[in-house]
Student: 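The structure that follows is given in the form of structure tokens.
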Amino acid sequence: MTEKLLASISFDDIDSRLWGCTTHLAGLFLVRLSKLPRVELADYPLLVRLNPAIPWKTRGNAAVVIRVYVDGEDPFKSVCEEAWSLVGEYTSPRVGEPVKKPGIACMLGEAWRSGRLRALYNRALRDVVVLDYARITAEKAGVNIRGGRGVIGATAALAALPPGEPSTFELVAYRQPGLWGGPRCIDHESAARLESKLPPCVFNNFDPVRGRLTAAPGGPDPVLAGFRGTCPRHLASYSEVLCEEPHFWVLYRSNQHTDAHAGELGAPRPYKSGTIEARVSNTPRVEHGGHVLVPIIIEPLGQQALLAVYRESGYLNRVARLLQAGDRVRALVNVRPYGSTQLPIMTVEKLWVLRVSDRYTLRAPRCPKCGHRMKSLGRGRGYRCPKCGYTLMTGPIRVRIPRMLAPGVYTPGPGRLRHLTAPWPEPTYFRGGYTPSWGEILSTTSNPPVSDPPASSGSHHRA
Ligand code: ATP
């Protein structure tokens, strides 16, 4: 290759609830790219999660970015054309299906160096982005866009995950087309055995409480399972729990499980995500179904709101029940549309208990003579010891009630983390700076790609 140009091609909104998936389309595109002689891989394919509070997402609000080197502007244009024509083939309407609004974004150069694109990415992680803002940003930053609403996620994702930013991996196995819609063949028992042997660099793949491999989705989409962690070699060992032959495998680098969206929330407008600090203002309420609502005052805004900790969030739900008025917390939240309470309701992804308040109760004193618990003689009339008869003219004493909750960081537990939520304790993240080979990210046999990136990073994008 003579002149090497870094090109990024990004996809979003390729899926629907009934058919297809953005990452699957990106995988098919990678298979095509890998066969072109004048295209070199520049990075892992990127699985970029955006604001989880967006109501029109299909599942996990994901866009995919592919970074390659091309040898000139013409090959760049033809790669981009190829991407758009594949999107056209993939999304051509199917009878009875909801309409998709696919979008792609293509650009030359290091997208993350554009302040405009970085700002768009940061906003798309935490807030609602309107299509016009994404379009104008794309135009000003020299990004070619095509399509509908998917352009928002596709453009925003371009500036994600520059070298140095924390990232994780997801190794995704896709299903043979003939099997889509049918039950997945997963051996949950061998997943349990494997899970107990694997190091903590793999996470959120298995729920030990339910004994289920949560890495496998339940819907009709083409994903057989997606295994998450920071060590691809260990992720590959999960292939032994799949009793269904995958169609192909892709290893993505991702902002998943890095708390990338955890900036300060600010005003709690619906559909935003971010972090708040708050004081618990009343005893948590356990709703029908086991969901917990915790009344809070957001600080320093002084605004009342409710933290919603759903039953599905397992361990976190049990922790939320132990909160008391006066406790101070930090919470990573997604703001829901206001309900009948007229208060902002915020779904909690992760909770930091900063301070637990002291709780007291009033009790009769102990007898100063024999140590027995005394009995009240009536309001304002003091106490008498039932054992030795000693009387004492005093009031009740304040006794501290032991709290069952300690300051700390609380998450829903393994297998139940939301896509962007970082596990606790945080893993040692991969920070890019390594260019993998096609064989390290893509496999069209039933064996997954298996090598780990080197621990220290070499030179990255040379464009
Ligand atoms: P899958 O995980 O299967 O790929 P998904 O959950 O990513 O599905 P999409 O169908 O891709 O869901 O829909 C997400 C839509 O929301 C896309 O059109 C994307 O452009 C748009 N979007 C993403 N982030 C934001 C945001 N912050 N503000 C507004 N729109 C957004």
Side-chain angles (χ1 to χ4, degrees), residues 9-29 45-66 87 90-91 94 97-105 117-138 143 145-160 170 172 174-175 180-181 214-226 228 250 252 254-257 260-263 265-266 269-274 334-337 418-420:
I9 307 100
S10 178
F11 304 88
D12 201 353
D13 216 329
I14 314 290
D15 52 289
S16 79
R17 276 186 207 288
L18 301 179
W19 192 89
C21 159
T22 304
T23 74
H24 181 247
L25 175 281
L28 296 176
F29 186 59
L46 307 178
L47 172 58
V48 181
R49 299 282 176 186
L50 298 169
N51 185 357
I54 292 299
W56 46 86
K57 66 180 182 176
T58 312
R59 295 175 204 97
N61 200 6
V64 174
V65 184
I66 294 170
V87 169
Y90 196 88
T91 58
R94 287 168 175 76
E97 250 191 46
V99 183
K100 303 177 193 82
K101 296 174 177 154
I104 70 165
L117 289 176
R118 263 314 266 188
L120 177 67
Y121 171 55
N122 282 322
R123 183 178 286 196
L125 278 169
R126 301 183 189 110
D127 207 342
V128 177
V129 171
V130 293
L131 186 52
D132 279 347
Y133 172 53
R135 285 210 164 112
I136 291 166
T137 306
V143 177
I145 50 171
R146 270 172 157 174
R149 194 181 58 198
V151 155
I152 301 172
T155 311
L158 284 172
E170 180 163 342
V172 183
Y174 294 95
R175 309 188 78 186
W180 297 7
T214 48
D221 57 286
V223 173
L224 176 53
R228 297 163 179 207
V250 178
Y252 296 93
S254 180
N255 62 352
Q256 281 176 163
H257 302 309
H261 59 325
L265 183 79
R269 282 200 315 274
Y271 310 128
K272 280 173 77 178
S273 293
N334 315 139
V335 187
R336 294 184 3 192
R418 303 283 299 278
H419 293 290
L420 275 167

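As the structure lists them, so they are numbered: ligands from 1, and atoms in each ligand from 1.
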Student: Just jot down the ligand 1 atoms closer than 4.0 angstrom to any heavy atom of Ala124, in number order.
Tutor: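 Selected atoms, number and element: 27 (N).
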
Student: Evaluate the side-chain proximity of Leu120 to Val129: yes if any heavy-atom separation is below 4.5 Å, no if none is.
Tutor: yes

Student: Does any N or O in the side chain of Lys101 come within less than 3.5 Å of the main-chain N or O of Asp13, such that one atom is a donor and the other an acceptor?
Tutor: no

Student: For the pair His24 and Trp180, name the ring-plane relationship: parallel under 30°, tilted 30 to 60°, perpendicular over 60°.
Tutor: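 Plane angle over 60°, so perpendicular.
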
Student: With heavy-atom distances below 4.0 Å as the criterion, list the atoms of ligand 1 near Trp56.
Tutor: 13 (O), 15 (C), 16 (O), 21 (C), 29 (C), 30 (N), 31 (C)

Student: Tell me whether Asp127 reaches ligand 1 (any heavy atom closer than 4.0 angstrom to a ligand atom).
Tutor: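 Yes.
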
Student: Could you pull out all residues at least two apart from Arg269 that satisfy salt bridge (Lys or Arg N to Asp or Glu O under 4.0 Å)?
Tutor: Asp127

Student: Hey, is ligand 1 close enough to Gly60 that some N/O pair sits below 3.5 Å?
Tutor: yes

Student: Taking side chain as C-beta onward, heavy atoms only, is Asn61 less than 4.5 Å from Pro52?
Tutor: no

Student: If you measure from each heavy atom of Gly103 to ligand 1, is any distance below 4.0 Å?
Tutor: no

Student: Among Ile152, Ile54, Asn61, which one has a heavy atom closest to atom 23 (C) of ligand 1?
Tutor: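 Looking at heavy atoms only, Asn61 sits closest to atom 23 (C) of ligand 1.
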
Student: Any side-chain heavy atom of Thr137 sitting closer than 4.5 Å to one from Tyr121?
Tutor: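 Of all side-chain heavy-atom pairs linking Tyr121 with Thr137, none is under 4.5 Å.
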
Student: Please report the shortest heavy-atom distance between Pro45 and Val250, naming the atom on each side.
Tutor: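 The pair with the smallest heavy-atom distance is CG-CG1, 3.9 Å.
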
Student: Taking only heavy atoms of Val128 into account, list the atoms of ligand 1 that are under 4.0 Å away from them.
Tutor: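 Heavy-atom distances to Val128 below 4.0 Å select 28 (N).
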
Student: Indicate the ring-plane relationship of Phe11 and Phe29, choosing parallel, tilted or perpendicular according to the 30° and 60° boundaries.
Tutor: perpendicular

Student: For the 3.5 Å polar cut-off, considering only N or O atoms, please tell me whether Val129 and ligand 1 meet it.
Tutor: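 Indeed, backbone or side chain, Val129 has an N or O that close.
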
Student: So is Arg59 polar-close to ligand 1, meaning N/O to N/O under 3.5 Å?
Tutor: yes

Student: Quick check: Arg149 and ligand 1, any N/O pair under 3.5 Å apart?
Tutor: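 Yes: some nitrogen or oxygen of Arg149 is under 3.5 Å from one in ligand 1.
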
Student: Counting each atom of ligand 1 from 1 as listed, which ones have a heavy atom of Gly153 under 4.0 Å away?
Tutor: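 Those of ligand 1 that fall under 4.0 Å from Gly153 are 19 (C), 20 (O).
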
Student: Mind checking whether Asn51 has an N or O less than 3.5 Å away from an N or O of ligand 1?
Tutor: no

Student: Any N/O of Ala62 closer than 3.5 Å to an N/O of ligand 1?
Tutor: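 Indeed, backbone or side chain, Ala62 has an N or O that close.
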
Student: Could you go through the side chain to side chain contact (heavy atoms under 4.5 Å, CB included) check for Arg146 and Val87 one step at a time?
Tutor: CA-CA 10 Å; Arg146 270 172 157 174; Val87 169; over 6 Å; no

